[in-house]
Every structure is written in C-alpha cells, then in structure tokens.
A.B. asks: 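Structure incoming, see below.
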Amino acid sequence: MAGVELCHAFVEFPIFDAKSRSLKKRVLTSAGGTIRTGAKVPIVTALRDITVSLAEGDRVGLVGHNGAGKSTLLRLVAGIYEPTRGSARRTGRVAPVFDLGLGMDPEISGLENIVVRGMFLGMTRRRMRARIDEIADFTELGDYLRMPLRTYSTGMRVRLALGVVTSIDPEILLLDEGISAVDADFLERARARLHDLVARCGLLVFASHTEEFLLDLCDSALWLDSGRIVRAGPATDVVRAYTGSSGRADAEPQQRRAADDPIAADRVLQLVHPRVVAPDRETPGEVLHEDL
Ligand SMILES: Nc1ncnc2c1ncn2[C@@H]1O[C@H](COP(=O)(O)OP(=O)(O)OP(=O)(O)O)[C@@H](O)[C@H]1O
C-alpha cells in the first residue's frame with residue numbers, strides 16, 4: 001500500500017555563495033521561499049512545518065505561485081531531499097516524473113531509450129521490453145525508433161518520453177507540470193494514457209499551474225505559499241480559490257497573511273482536507289483529523 005507521512009517537515013537550503021551583506025535581515029518576497037540571514041550563511045526555507053498524511057487512492061494537486069515550494073515538496077516526497085527538520089516517510093515505489101526528457105540518452109536509439117527511461121522510473125528491463133511495441137505504436141515514430149535520439153525533433157522526443165512515462169506502473173506517482181507543457185494536439189491523444197496511468201498508480205501528487213489539468217487528474221489539493229500549506233481540501237475548492245484569488249490585484253496580501261500566520265493556516269486546514277494533519281506547537285504530531 002502506497003503512503004506518505006510528512007511530520008513537521010522543513011526543507012532549508014544554506015546558500016554558501018550568496019552576497020549575504022546585501023540581503024535584508026529577513027526577506028519575504030512575493031515569489032519564492034523565505035530567505036533568513038541570521039545564521040552565518042543565508043538560508044532559504046523552501047518548506048516549513050509541513051505535516052501531511054497521504055494514503056493509497058489519494059490524487060493530490062499542488063498549487064502555489066512561483067517559488068511557493070511545490071517542486072521541493074515533490075522532491076521531499078520522492079526522497080530526493082530529506083527534511084532538514086521533522087520527518088518524511090514513504091511506503092511504495094516512487095516514480096518521479098519531473099522532466100520528460102530526464103534520463104534520455106541522445107546517443108542511443110529510441111527503442112533503447114524506452115527501456116533505459118523506464119528502468120529510470122523503477123521498471124524492470126523485462127517489463128519495459130514487453131511494452132516496447134505498444135509504446136512504439138503510440139509514438140507513431142516508426143523507423144525513427146531505430147535512430148539515435150539526437151536525430152529527433154523536440155516534438156518527436158516528447159512523443160517518445162510521454163509514451164514511456166505513461167507506460168509505467170508506479171505505486172507513488174509524482175508529476176511536475178512539465179508533463180502538461182507539451183504540444184496540445186499530442187497531449188489530447190496522450191490524455192487517455194495519462195488517465196490510465198493515474199488510475200493504476202497507488203497515489204498521485206501533481207504540481208501544476210494549469211487548473212484544467214489539476215481538476216482533471218486530482219480530487220484533492222494543497223495550496224502552498226512561502227513553503228507553508230495555507231489551504232487544503234477538495235481540488236475544486238482549493239484550485240478555484242487559488243486561481244480566483246491570484247488573479248485579483250488584492251489577493252496577494254491575503255495569501256501572505258495566511259502564510260505568515262501558522263494559526264490562520266491551521267484553521268484553514270481544519271476546515272478541509274481530511275488527512276492533512278495541522279501543525280500544533282503545543283502538541284507536536286497530534287492528529288487533528290481522523291480519516292473521514
Ligand atoms: N536547490 C536549491 N537551492 C536553494 N534554493 C532553492 C533550491 N531549490 C528551491 N529553492 C528555493 O525554494 C523555494 C521553493 O522553490 P520550488 O522550486 O519548490 O518552488 P515551486 O513552487 O516549484 O515554483 P515554480 O512554480 O516556479 O516551479 C524558492 O524560493 C526557491 O528559490
């Protein structure tokens with residue numbers, strides 16, 4: 001059974017080569033995490049006090065402005081980052097699909113890349129070999145599949161990458177928005193495969209700026225702001241609240257207040273996502289919600 005438990009997790013990046021003297025004491029910009037300069041080196045806090053419990057069957061979208069912490073949260077769930085404070089536990093085989101082209105070798109053929117990329121995403125060589133024909137059909141690349149990848153156009157590479165990525169069997173599927181940043185026509189063809197992929201994965205976490213995609217693939221969502229969860233709940237509520245408010249000129253101060261004030265964020269959490277555990281400074285780790 002796939003599962004993810006994040007308990008009061010922080011991800012902080014010390015920046016050893018920053019021009020610390022030119023930074024303000026504590027900077028909270030409209031985009032990005034908090035930069036702290038109290039220590040010897042400036043520290044960017046990309047995620048702060050994240051407590052989330054995800055279980056088999058969850059399809060969770062991540063929304064937030066640039067630098068809010070979505071990619072960092074995906075990397076934390078993937079185990080690429082370990083929390084600098086707090087804890088992160090995951091059960092199940094993770095397939096991080098952050099960059100469609102990642103793991104592709106330009107010097108080997110499309111067919112060989114299918115196997116290599118699939119293994120990169122946790123599949124065995126034998127399972128990928130068994131899927132080559134159906135992936136080849138989907139890509140419609142024909143004899144090009146025997147040519148080195150470096151001879152492909154960008155669109156041809158995307159076809160190949162999408163064919164592979166949508167053929168895997170992940171327990172925990174982590175999708176970054178790159179997957180939606182492909183040619184619209186081809187994506188329409190890939191949509192059915194994407195749905196099948198999401199349907200057979202145990203647990204999905206999907207970071208995107210595209211409302212349509214989020215609502216299509218996710219049933220719940222987390223809104224991140226300055227590294228904190230400021231709202232969680234049904235995808236339609238959270239995504240629409242986020243896109244609605246971020247489109248308004250007066251929205252930013254409201255979002256900022258929620259992110260600045262963990263109590264306000266906790267209250268929001270209490271209203272919505274059944275399995276999100278709100279941070280509680282008196283009783284760390286206390287679960288405020290039972291599974292509903
Ligand atoms: N390797 C790193 N070193 C230092 N700071 C980092 C690193 N990775 C991310 N950050 C910082 O952490 C914060 C969160 O970044 P992250 O990439 O998670 O945001 P995001 O929500 O995915 O943004 P976007 O929508 O623009 O992709 C930002 O302030 C970013 O500058």
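Start at 1 and go down the list; that is how both ligands and their atoms are numbered.
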A.B. asks: To the nearest 0.5 Å, what is the distance between OG (Ser71) and CG (Leu76)?
C.D. replies: 12.5 Å
A.B. asks: Looking at non-hydrogen atoms alone, which of Thr45, Val63, Thr72 comes nearest to atom 16 (P) of ligand 1?
C.D. replies: Thr72
A.B. asks: Give the single entry among Leu224, Leu76, Asn66, Leu73 that approaches atom 24 (P) of ligand 1 most closely by any heavy atom.
C.D. replies: Asn66
A.B. asks: Got a sec: does the OH of Tyr144 have more than 12 other heavy atoms crowding it under 6.0 Å?
C.D. replies: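 No, because the 6.0 Å sphere around OH of Tyr144 holds 12 heavy atoms or fewer from other groups.
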A.B. asks: By number and element, which atoms of ligand 1 are closer than 4.0 Å to a non-hydrogen atom of His65?
C.D. replies: 21 (O)
A.B. asks: For Ile15, is the nearest heavy atom under 4.0 Å from an atom of ligand 1?
C.D. replies: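 True for this residue.
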A.B. asks: Distance check, rounded to the nearest 0.5 Å: Arg117 atom CZ versus Ile135 atom CD1?
C.D. replies: 11.5 Å
A.B. asks: Can Gly64 be said to touch ligand 1, with heavy atoms closer than 4.0 Å?
C.D. replies: no
A.B. asks: Could you work out, with side-chain hydrogen bond (donor to acceptor under 3.5 Å, both in side chains) as the rule, every residue matching Arg200, not counting sequence neighbours?
C.D. replies: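 So Arg200 forms a side-chain hydrogen bond (donor to acceptor under 3.5 Å, both in side chains) with Asp169.
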A.B. asks: Do any nitrogen or oxygen atoms of Ala68 come within less than 3.5 Å of a nitrogen or oxygen of ligand 1?
C.D. replies: yes
A.B. asks: Got a sec, which residues hit side chain to side chain contact (heavy atoms under 4.5 Å, CB included) with Ser87, two or more places apart in sequence or on another chain?
C.D. replies: Cys7
A.B. asks: Under 4.0 Å between a Lys/Arg side-chain N and an Asp/Glu carboxylate O for Glu12 and Arg48?
C.D. replies: no
A.B. asks: What part of His209, side chain, backbone, both or neither, has a heavy atom within less than 4.0 angstrom of ligand 1?
C.D. replies: side chain
